[in-house]
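Counting begins at 1 with the first residue of the sequence.
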Amino acid sequence: MESDSSDGATPYQTLVSSIKRPHGTDLGVKKRKKGVKICHKSKKIKHDVIMAPKGAISDEDISQSDSEDYTDPFYENLNYHLTENDIKIISTPSEPLLIPDHPLGHATMYPSPLPICPLSTDRQIYLKNKVMTRLSEYKLKHDTMTHNEPLSSTQCHLLSLFGRYTDVLYARETHERHIEVLEAIVAHLVSHVSKGRKLVIRNSKVSKLSDNEPPRDQGIVRPRVLILVPFRSSALRIIQLMGHLCGDVSHGRRLEEEFGCQGITDPTKPPEYRHLFEGNTDDCFKMGMALYSGTLRLFAPFYASDFIIASPLGLRTLVGSGGDYKREVDFLSSLEIVLLDQTEVFLMQNWSHVMSLLSSTHLKPRAMHGTDIRRVRNWALEELSKYYCQLIVCSQFLTPQIHSLFHSRATSRHHKIVITPLEYPGVLRHISHQTPQVFKRLPLCPLSDTFDERLTYFTDKILPDHVSGVRKRTLIFTPNYCDYLRVRNHLKEREIEFTHISEYSSTSQARRANSLFSQGQRDTLLLTERLMFFKCPRLPFASHLLLYGPPTFPHVYPQLLACVSRDKSATATCVYSREDALSLLRLLGPGHTDRLLNNKSNTHLVI
């Protein structure tokens, strides 16, 4: 159905003319039968078209018992019409506004340039009544209530931000506070989808009794919420909470079999490690979930799902890369909320997967997928979906990568807010014995030259004394795998005898490297932060510690210093640049960090 001229073309005509239709698909409303399958031509993946089961449109769903409040930001957000001038204004970065007395912590707000209600610190919550009731029951059952209140102060303020569809970067999600934050996030997601499904079901009921044109209340495809988590155990925790807030869960036994295998965690490991790696730590999975009449249907096909929960690696296997011809991204074209939980773990997995997935959202679909295009919202037809999508990012701490991702992908028309801790105590108090710690600052250079400058400084100024026999038994730590490869290649080129361990080393290789270093057959041991993060190994004692850069995770630093002997000649040396300010802040606290970054001297001693 192509028009001869693009002049005067409606959004309907523009979209239909640019989308390929599966063979035999009519542009009107096609009645789908149970068991019918639509196969995407560009990828050999079959998606079952699931209709609501018989009786899914219940009187309870259509009734006004949970009455609609049309002042709810849910309706205001989806019904707002963006003009071309609005889009130009949104594209202009706004000046940050500091909110030092925010109840959630140190808050930096980026106000929306559009006329939107100012972001206040009140605690008005926009949850559905049923979701609120079920959340209270869940907290009472699992003993997570605070002072017999259904919601804690943190949850109230978070839900107030989420309910106004503010883009939120919450960078103070400790493992003690994780469940508290997760309850608020999941309640918001379930409430949002419930409101959307109730609106669609009621409009479907009314349109059957009327000859008027049906209202536009949907996206181009059904999935509304994308949840990215690092492990199956993380997904299980969210799905179980979702099921309680929705009312019931289907395929619960299959969920336990595929996501509930309990892993064995060594009690001698640090508490941060035990909290993160308890349960199923498989990092390749994806699953769709559909909400039908108070039941959360698990393992639903993506095009019949409301929620999609996946790991970055699992979803990347389906989405592919930007240059791939056969890739499946249409189910990401109408997302209304994107959640990244435990985002700091993605840094230790593969950050490029996360960036690639987010760049694959809100693209123009290549097929109809059984869509009733008469009910698609105009802004979705005009390819403006990204301006109506809320981004929620949760992390234990803030890094330049996470900060950059948030500001580049938070494209909604609403306010943006970044929440960080009020203070950083550092981890020096967790060091078992006092070892002189020398911090050496790189000479000032352009950001693009920092990587090469760091290698040159490290190999010319730091390393020679430790590989020439002057200082033996040296442990070299690299914060990422690329740095590990560069240092390893340098040692090989200089024909220096050393041993090395990375996250890819087998158990036998790690034992052999530790044995060679412990017995003195090799004076240098090279390792990575990802090894410390995923395996938390017991390292042999060393006389000297060299850090190619400060670690990303602060708890790794005391573990490394615990490997340094208590001899008076023992040393620990860390190379840093001004770009490492956030990492230093987590390690040393604000006092030492300010001195390291602003003093004229490039060498500093911390005891």
Side-chain angles (χ1 to χ4, degrees), residues 10-11 14-15 68-99 102 104 107-127 157-170 185 188-189 191-192 195-196 199 215-220 224-226 332-340 358-359 361-364 376-393 403-419:
T10 64
T14 303
L15 185 74
E68 306 294 348
D69 179 11
Y70 289 100
T71 62
D72 189 328
F74 170 83
Y75 300 99
E76 188 273 338
N77 178 49
L78 297 180
N79 295 330
Y80 188 89
H81 177 68
L82 281 174
T83 64
E84 292 184 3
N85 187 49
D86 290 339
I87 296 175
K88 292 180 181 179
I89 295 176
I90 293 175
S91 302
T92 304
S94 58
E95 292 295 327
L97 177 63
L98 297 180
I99 310 178
H102 197 281
L104 291 175
T108 305
M109 187 182 74
Y110 299 83
S112 172
L114 299 180
I116 297 177
C117 294
L119 188 62
S120 61
T121 58
D122 63 12
R123 302 198 298 180
Q124 186 172 0
I125 297 172
Y126 299 93
L127 289 181
H157 287 99
L158 282 174
L159 285 169
S160 179
L161 292 173
F162 298 153
R164 293 183 173 92
Y165 292 91
T166 304
D167 293 325
V168 179
L169 170 54
Y170 187 77
I185 295 174
H188 170 62
L189 300 183
S191 181
H192 174 85
K195 293 173 185 177
L199 181 64
R216 297 187 177 274
D217 54 6
Q218 303 176 18
I220 298 177
R224 296 173 180 265
V225 176
L226 172 64
L332 301 175
S333 61
S334 299
L335 297 175
E336 295 170 4
I337 301 178
V338 175
L339 166 65
L340 278 68
L358 294 184
S359 64
T361 59
H362 304 112
L363 301 179
K364 181 170 66 176
V376 177
R377 300 182 188 273
N378 285 325
W379 48 260
L381 298 176
E382 295 169 359
E383 300 181 40
L384 301 178
S385 298
K386 68 178 183 179
Y387 299 111
Y388 294 82
C389 180
Q390 181 184 28
L391 178 63
I392 302 174
V393 180
H403 195 264
S404 174
L405 175 142
F406 180 74
H407 285 283
S408 62
R409 298 301 173 184
T411 56
S412 76
R413 63 184 185 87
H414 289 277
H415 304 299
K416 301 172 181 58
I417 189 168
V418 178
I419 299 171

(message) Ser404: which residues meet the side chain to side chain contact (heavy atoms under 4.5 Å, CB included) condition with it, sequence neighbours left out?
(response) none
(message) Using the side chain to side chain contact (heavy atoms under 4.5 Å, CB included) criterion, which residues pair with Gln390? Sequence neighbours excluded.
(response) Phe162, Tyr165, Asp167, His188, Ile337, Ile392
(request) Considering non-hydrogen atoms only, spot the tightest contact between Thr411 and Lys386 and give its length. (result) OG1-O, 3.0 Å
(message) Using 0.5 Å steps for rounding, measure from the CD atom of Gln124 to the CZ atom of Arg164.
(response) 6.0 Å
(message) What I'd like to find out is whether the side chain of Leu104 reaches to under 4.5 Å of the side chain of Leu161, using heavy atoms alone.
(response) yes
(request) Please identify each residue that fulfils ring pair (Phe, Tyr, Trp, His ring centres under 6.0 Å) with Tyr387, with sequence neighbours left out. (result) none
(request) Give the C-alpha distance, both sets of side-chain angles, the deciding distance and a yes or no for side chain to side chain contact (heavy atoms under 4.5 Å, CB included) between Leu82 and Ile90. (result) CA-CA 10 Å; Leu82 281 174; Ile90 293 175; 3.9 Å; yes
(message) Quick check: closest heavy atoms across Pro111 and Ser94, and the distance to 0.1 Å?
(response) O-OG, 3.0 Å
(request) Identify the heavy atoms of Tyr80 and Leu114 that sit nearest to each other, and give their distance. (result) OH-CD1, 4.4 Å
(message) Nearest 0.5 angstrom please: Cys389 SG to Leu384 CG, how far?
(response) 13.0 Å
(message) Checking Ser385 now: which residues fulfil side chain to side chain contact (heavy atoms under 4.5 Å, CB included) with it, not counting sequence neighbours?
(response) His362, Trp379, Ala380
(request) Could you check if a side-chain atom of Arg377 sits within less than 4.5 angstrom of a side-chain atom of Tyr388, using non-hydrogen atoms only? (result) no
(request) Using the side chain to side chain contact (heavy atoms under 4.5 Å, CB included) rule, take Leu391 and Leu340 through it: C-alpha gap first, then chi angles, then the decisive distance, then the call. (result) CA-CA 8 Å; Leu391 178 63; Leu340 278 68; 4.2 Å; yes
(message) Taking salt bridge (Lys or Arg N to Asp or Glu O under 4.0 Å) as the definition, give me every residue that meets it alongside Arg224, ordered by chain and number, with sequence neighbours left out.
(response) Glu336
(request) Could you tell me which non-hydrogen atom of Ile417 sits nearest to which non-hydrogen atom of Phe406, and how far apart they are? (result) O-CZ, 3.9 Å
(message) Just verifying a value: how many Å separate Leu127 CG and Ser191 OG, rounded to the nearest 0.5 Å?
(response) 5.0 Å
(request) Please step through side chain to side chain contact (heavy atoms under 4.5 Å, CB included) for the pair Ser112 and Lys416, ending with a clear verdict. (result) CA-CA 7 Å; Ser112 172; Lys416 301 172 181 58; over 6 Å; no
(request) With sequence neighbours excluded, tell me which residues meet side chain to side chain contact (heavy atoms under 4.5 Å, CB included) with Thr83. (result) His81, Asn85, Asp86
(request) Looking only at non-hydrogen atoms, find the nearest pair between Val376 and Gly219 and report the distance. (result) CG2-O, 3.7 Å
(request) Measure across Pro96 and Thr108 and return the closest heavy-atom pair with its distance rounded to 0.1 Å. (result) CB-CG2, 3.7 Å
(message) When you measure from the side chain of Asn79 to the backbone of Tyr75, do you find a donor-acceptor pair of N or O atoms at a distance under 3.5 Å?
(response) yes
(request) Please examine the side chains of Lys195 and Asp72, heavy atoms only from C-beta on, and report whether any two atoms are closer than 4.5 Å. (result) yes
